[in-house]
Amino acid sequence: QVQLVESGGGTVQAGGSLSLSCAPSGRSVMRYSTGWFRQAPEKEREFVASIRWIGRVTDYADSVRGRFAVSRDIANNTVSLQMSSLQVEDTAVYFCTAHPNYYGRDWYRYDSWGRGIQVTVSS
């Protein structure tokens, strides 16, 4: 397991953009596949995006494909989630996750989790 530190988030109007970052504490970001999940009040946790530990293989939920982009910044040792054209429905707590190789959509298979960061989109 690795400690994950998230940053970014906040409040934005619908149609706006926000960026989230996730950094593995004391470890190289290149050693892990990273996933992003979100959970809105009274809703199930859902997959948002992921990036594989090797190469630039990414995956996106249908609800965010074309609006969100996940990338790895090796120089800053972070994984970012760039969110644009945000909608009220994107309001949730967003979690960064990591695994040595798994980068799929099953949240229970990730063994490291950040504390979560709030994203609020107002109408």
Side-chain angles (χ1 to χ4, degrees):
Q1 294 186 343
V2 59
Q3 182 180 0
L4 301 174
V5 180
E6 299 139 327
S7 60
T11 301
V12 67
Q13 287 190 328
S17 300
L18 280 175
S19 178
L20 304 179
S21 290
C22 175
S25 179
R27 306 280 182 87
S28 169
V29 71
M30 294 298 294
R31 294 182 58 183
Y32 300 92
S33 294
T34 302
W36 288 96
F37 289 77
R38 66 187 182 187
Q39 188 163 18
E42 301 181 355
K43 291 190 176 181
E44 297 288 323
R45 190 177 317 182
E46 65 173 346
F47 170 81
V48 176
S50 65
I51 183 166
R52 192 179 178 187
W53 72 277
I54 189 170
R56 298 181 179 180
V57 179
T58 57
D59 187 23
Y60 296 94
D62 289 344
S63 59
V64 307
R65 184 175 290 112
R67 300 188 298 121
F68 289 14
V70 60
S71 62
R72 184 183 292 116
D73 184 341
I74 299 173
N76 290 309
N77 201 42
T78 59
V79 173
S80 297
L81 182 68
Q82 303 284 345
M83 306 181 291
S84 60
S85 301
L86 283 161
Q87 305 166 358
V88 174
E89 296 73 27
D90 294 318
T91 296
V93 175
Y94 284 70
F95 297 90
C96 171
T97 65
H99 191 277
N101 47 61
Y102 181 72
Y103 68 106
R105 300 185 176 202
D106 297 329
W107 64 265
Y108 54 86
R109 297 184 66 176
Y110 289 89
D111 54 10
S112 298
W113 287 78
R115 298 182 65 177
I117 194 162
Q118 180 68 45
V119 171
T120 302
V121 184
S122 60
S123 58

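Identified under the side-chain hydrogen bond (donor to acceptor under 3.5 Å, both in side chains) test for residues 114-123, with sequence neighbours left out: Q118-T120. Within the structure, ring pair (Phe, Tyr, Trp, His ring centres under 6.0 Å) pairs that include any residue of residues 44-71 comprise F37-F47 (at least two apart or interchain). Pairs passing the disulfide (SG to SG under 2.5 Å) check and including a residue from residues 37-90, sequence neighbours excluded, do not occur.
If you take CH2 on W107 and CD on E44, they are separated by 9.0 Å, rounding to the nearest 0.5 Å. In this structure, S50 OG and Y102 OH are separated by 8.0 Å, a value rounded to the nearest 0.5 Å. Here OG1 of T78 is found 4.5 Å from CG of D73. Values are rounded to the nearest 0.5 Å. Between the OG atom of S7 and the CG atom of L20 there is a distance of 8.0 Å, given to the nearest 0.5 Å. Put simply, NE2 on H99 and CG on D106 are 11.0 Å apart, with the number rounded to the nearest 0.5 Å.
The backbone N or O of G35 sits less than 3.5 Å from a side-chain atom of T97, completing a donor-acceptor pair. The backbone N or O of V93 sits nowhere less than 3.5 Å from a side-chain atom of Q39 that would complete a donor-acceptor pair. Under the 3.5 Å distance criterion, the side-chain polar atoms of R72 are matched with a main-chain donor or acceptor of R52.
Connection of L18 to V121 is established within a shared hydrophobic cluster, with ILVMFWY side chains joined at heavy-atom distances below 4.5 Å, either directly or through further cluster members. Both V70 and I74 are assigned to one and the same hydrophobic cluster, defined by single-linkage of ILVMFWY side chains at heavy-atom distances under 4.5 Å. Note on V48 and Y110: separate hydrophobic clusters, where clusters join Ile, Leu, Val, Met, Phe, Trp and Tyr whose side-chain heavy atoms are under 4.5 Å apart, directly or indirectly.
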Would you tabulate the side-chain donor-acceptor contacts of residues 23-31 under 3.5 Å, counting partners in other chains and residues two or more places apart, or write 'none'?
from : atom 1 : to  : atom 2 : distance (Å)
R27  : NH1    : Y32 : OH     : 2.5
S28  : OG     : M30 : N      : 3.1

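A heavy-atom distance below 4.5 Å is not found between the side chains of V12 and S17. Looking at F95 and L4, their side chains never come closer than 4.5 Å, going by heavy atoms from C-beta outward. The side-chain heavy atoms of L81 and R38, taken from C-beta on, include no pair separated by under 4.5 Å. You'll find the side chain of R65 reaches within 4.5 Å of the side chain of D59, heavy atoms only. In this structure, M83 and V119 have side chains that are in contact, with non-hydrogen atoms separated by less than 4.5 Å.
Taking S19 as the reference, Q82 meet the side-chain hydrogen bond (donor to acceptor under 3.5 Å, both in side chains) condition, with sequence neighbours excluded. Checked against side-chain hydrogen bond (donor to acceptor under 3.5 Å, both in side chains), N101 has no partners two or more places apart in sequence or in another chain.
For the residue pair A98 and V2, the shortest heavy atom distance occurs at CB-CG1, 4.2 Å. Across all non-hydrogen atoms, the minimal contact from Q1 to S112 is CA-OG, 3.2 Å.
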